[in-house]
Amino acid sequence: MYCREEKFLSISERRSQPLFFSSSTTDVFSSLPPSPSPRQLHQAHAKLVVLGHSSRRSPVAHLLSRCALLPPSLLPAAYCLSLYSRLDRPSAFASNNLLRCLARGPAPRAAVLSYRAARLAGVPTNNYTYPFLLSACGKHPPLPSEGRQVHAHVVKLAFSRDLFVRNALISFYAACRDMGSAETVFEERPDVRDVVSWNSLLVGYARAGEIRVAEDLFDRMPVRDAVSWSSLMVGYVEKGVPEKGLRRFREMVERGVAVNEAALVTALSASAQLGLIECGRFVHATMERLGFRMTLGVGTALVDMYAKCGCIEISRRVFEDLPRRDVFAWNAMLCGLATHGLGKDALDLYRRFIDGGLRPTSVTFIGVLNACSRAGLVDEGRMHFRSMVQDYGIQPEMEHYGCIVDLLGRAGLVSEALELIEGMTIVPDPVLWGTLLGACKIHGLAELGETIGKKLIELEPAHDGHYVLLSGIYAKARKWEDVVKVRKLMTNRGTNKVPGWSLIEAHGEVHKFVAGDREHEQSPEIYERIGMIESRLAEAGYLPDTSQVLHDIGDEEKVLAVKQHSERLAIAFGLMVIEEGHPVRIVKNLRVCGDCHEFSKMVSKVFEREIIVRDGSRFHHFKEGNCSCLDYW
DNA sequence: GTAGGGTTAG
């Protein structure tokens with residue numbers, strides 16, 4: 001309406017119009033949609049300027065309150081500060097809304113500084129001030145000493161009876177991992193408590209890894225809501241027991257608790273971690289059954305879950321069907337394609353992402369570099385590594401170096417990789433040296449491998465993987481005495497060899513196998529099946545390669561040790577119980593050994609069955625005698 | 001006009 005009127009006015013007429021011709025500012029705000037974009041807020045601001053209201057307390061505070069609701073990525077903290085700075089005598093409302101903007105913005109510490117300035121300028125505070133301020137102090141990384149000072153103000157200014165303030169205090173202490181203080185605030189006033197108080201404490205314990213305490217709180221809660229359930233689930237997932245989180249999700253659904261986005265995302269993340277597609281499908285189906293509308297968060301978690309459960313095509317479809325995509329969604333898809341060895345597709349996706357005008361993050365480059373590595377695109381990888389720093393100002397982190405070392409190592413450029421490591425600005429971690437050591441083993445560089453292996457053992461003497469890799473390098477060079485020496489060293493030092501296991505899902509049940517396992521109730525049939533598979537493979541000309549069996553034992557025993565690797569048991573079981581035409585999906589914790597890799601390729605050919613293995617770091621799609629990793633992993 | 005939960009990588 002305002003604009004239409006203006007169209008008919010000449011410039012001179014416009015000048016002659018009183019600035020307040022649209023007498024109220026309510027029009028400016030009532031024309032805004034429920035969730036305005038930054039651009040629409042700027043337009044509202046422009047209207048206030050035209051109306052001559054840009055220094056008036058109430059409309060500016062109103063505008064700030066709308067800014068504070070923007071998603072954090074769009075929150076213009078500097079702009080909010082400039083809006084606020086136009087005010088002569090800011091109200092508590094205006095100041096609170098500035099605090100709210102700053103607390104949600106990229107630099108929450110600014111909220112503390114702004115509060116200090118407001119106190120000095122005599123701006124009044126009220127009970128709304130402290131929740132915003134304490135939330136700023138509890139953001140990552142937390143500001144413990146600032147928050148404690150705020151707590152002192154709360155007490156001094158007599159706001160400590162306020163439920164919202166108390167809850168914000170509990171959350172703040174929980175974020176600082178100071179559960180003692182969180183508990184004190186919680187216990188101090190049992191009459192000023194609600195479900196949020198309980199949840200805040202619960203989250204604190206869950207994040208601190210004190211899952212038993214969290215469970216106990218959960219059981220004692222007088223009222224539980226969806227946040228209570230999802231917070232407990234997060235605790236399990238963070239504690240490394242995603243299966244318990246999934247169990248809670250099922251329980252939550254069975255009890256008819258209204259499922260929320262966080263519960264869905266956490267349950268999907270748990271399924272993704274476990275690689276259990278049937279669990280993931282259950283969560284997806286539950287979501288659809290309940291008519292939960294697709295959100296960015298759930299969409300991203302679905303893309304990630306399907307990718308991590310080996311269903312990269314479904315993952316792609318979910319991604320393409322998303323109504324909106326943010327950088328998290330793109331990153332999930334990109335990284336998914338890369339771990340599946342679809343390097344070319346990942347790079348095409350990255351192109352689309354950049355052409356769409358989005359800004360990559362450091363995780364985006366982990367995906368891109370990984371993709372280059374998997375596709376063997378050395379020059380392209382080097383180019384993106386440079387572009388990351390030069391075009392986007394992202395400093396390489398350990399993971400980026402990891403991808404590049406992997407890329408160079410795979411291409412046999414081990415000395416270039418070594419040079420890169422030596423020139424790093426951050427101290428290379430053992431994982432990085434381990435990546436290089438892996439490259440030495442693959443390319444048979446015994447001397448360099450020996451140096452790095454010894455160095456690694458020195459760095460992490462309790463880590464069995466280093467001894468295993470080094471003895472593998474010796475074994476490949478047929479230096480048997482050294483193999484024995486390293487193995488003895490390993491035993492003497494009492495390192496615990498991480499036992500290898502493989503999981504396979506069949507008809508709603510999860511079956512777990514460890515090497516040489518005879519626990520499974522169908523063990524006799526499984527071993528019989530392995531024998532049968534082997535004779536079929538032998539007819540097809542397959543010879544076991546025992547060079548990677550890192551035992552100082554005789555050849556015959558070596559063959560036996562390889563034969564009983566956990567994924568073989570899982571594959572044999574899979575061939576027994578998974579219907580024909582369906583792929584056999586296996587999840588294992590360690591990397592696949594060379595012989596099992598060869599074995600899987602042959603099985604996929606001879607038995608015309610697709611086998612999808614998720615190992616410790618990537619996927620192997622075995623089909624018609626080939627593997628998607630192109631035999632480098 | 002307030003406080004509590006989740007997603008990408010390794």
Side-chain angles (χ1 to χ4, degrees), chain A residues 61-62 64-66 68-69 91-97 99-100 103 126-135 138 159 162-172 174-175 182 193-204 206-207 225-235 237-238 245 259-270 272-273 295-305 307-308 319 325-336 338-339 360-370 397-403 406 429 431-432 434-435 616-618:
Chain A
H62 205 116
L64 280 169
S65 75
R66 303 302 294 267
L69 298 175
S91 60
F93 179 57
S95 160
N96 290 347
N97 275 304
L99 288 183
R100 196 182 184 189
N126 61 20
N127 54 324
Y128 285 80
T129 309
Y130 297 95
F132 296 140
L133 191 54
L134 287 164
S135 131
F159 289 116
D162 185 275
L163 174 65
F164 281 77
V165 174
R166 297 198 72 82
N167 287 346
L169 280 168
I170 298 172
S171 299
F172 157 70
R193 256 189 212 166
D194 69 352
V195 65
V196 177
S197 329
W198 286 87
N199 286 344
S200 305
L201 204 59
L202 173 65
V203 167
R207 271 197 250 158
D225 65 5
V227 176
S228 324
W229 285 85
S230 52
S231 305
L232 188 62
M233 286 172 57
V234 171
V237 175
E238 292 207 348
V259 173
N260 56 1
E261 202 185 358
L264 287 169
V265 169
T266 310
L268 287 170
S269 157
Q273 279 184 39
T295 62
L296 249 178
V298 172
T300 304
L302 279 170
V303 169
D304 181 50
M305 181 279 287
K308 289 210 173 105
F319 177 79
R325 301 177 194 105
D326 65 358
V327 66
F328 276 61
W330 285 93
N331 286 351
M333 188 72 259
L334 195 59
C335 294
T339 50
T361 66
S362 82
V363 177
T364 314
F365 283 101
I366 289 173
V368 169
L369 296 174
N370 236 329
E397 293 155 26
M398 203 62 75
E399 287 84 354
H400 300 110
Y401 285 111
C403 298
D406 198 58
D429 74 349
V431 179
L432 197 56
T435 306
S617 66
R618 72 198 65 198

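From a predicted model like this one, the values you see are computed outputs, not experimental measurements. Naming: A, B, ... by sequence-line order, numbering from 1 per chain. Values below: all heavy atoms of this structure, side chains included; hydrogens, waters and symmetry mates excluded.
Computed from coordinates, the A:Phe132 CZ to B:dA3 P distance equals 5 Å when rounded to whole Å. When the P atom of B:dG6 is taken as reference, atom CD of A:Gln273 falls 13 Å away, rounded to whole Å. Regarding A:Leu264, its CG atom lies at a distance of 10 Å from the C1' atom of B:dG6, rounded to whole Å. Whole-Å rounding puts the A:Met305 CE to B:dA9 P distance at 14 Å. Rounding to whole angstrom units, CG of residue A:Leu302 and P of B:dG6 are separated by 18 Å. Taking atom CG of A:Leu69 as the reference point, atom C1' of B:dT2 lies 11 Å away to the nearest angstrom.
In this structure, of B:dG6, B:dA9, B:dA3, it is B:dA3 that holds the atom nearest to the side chain of A:Pro131. In the set B:dT7, B:dA9, B:dA3, B:dA9 carries the atom at the smallest distance from any side-chain atom of A:Ile366. Of all nucleotides listed (B:dT8, B:dG10, B:dG6), B:dG6 comes nearest to the side chain of A:Glu261. Nearest nucleotide to the side chain of A:Arg207, out of B:dT8, B:dT2, B:dG6: B:dG6. The side chain of A:Val196 approaches B:dA3 more closely than any other nucleotide in the set B:dT8, B:dG6, B:dA3. When each of B:dT8, B:dG1, B:dA9 is scored by its nearest atom to the side-chain atoms of A:Ala332, the top-ranked nucleotide is B:dT8.
Remark: A:Arg207 pairs with no residue by the salt bridge (Lys or Arg N to Asp or Glu O under 4.0 Å) rule, at least two apart or across chains. Residues satisfying the salt bridge (Lys or Arg N to Asp or Glu O under 4.0 Å) criterion with A:Arg66, sequence neighbours excluded, are absent altogether.
One finds a side-chain N or O of A:Lys308 lying less than 4.0 angstrom from the OP1 or OP2 phosphate oxygen of B:dA9. Side-chain nitrogen and oxygen atoms of A:Asn97 include none within less than 4.0 Å of the OP1 or OP2 phosphate oxygen of B:dT2.
Within 4.0 Å (heavy atoms only), A:Asp162 reaches no atom of the nucleic acid at all. Among the atoms of the strands shown, only primed sugar atoms or phosphate atoms (P, OP1, OP2) are found under 4.0 Å from some heavy atom of A:Val203. Using a 4.0 Å heavy-atom cutoff across all strands shown, A:Val234 reaches sugar-phosphate atoms only and no base atom. Using a 4.0 Å heavy-atom cutoff across all strands shown, A:Ser65 reaches no nucleic acid atom at all.
At a threshold of 4.5 Å between non-hydrogen side-chain atoms, the residues A:Ser171 and A:Leu134 do not count as touching.
With A:Ser269 contributing its side chain and A:Val265 its backbone, the two residues share no donor-acceptor pair below 3.5 Å. For A:Asp304 (side chain) and A:Ala307 (main-chain N/O), no donor-acceptor pair under 3.5 Å exists by modelled atom type.
In this structure, A:Tyr128 forms an aromatic stack with the base of B:dG1, since both conditions hold: centre separation below 5.5 Å and plane angle below 30°.
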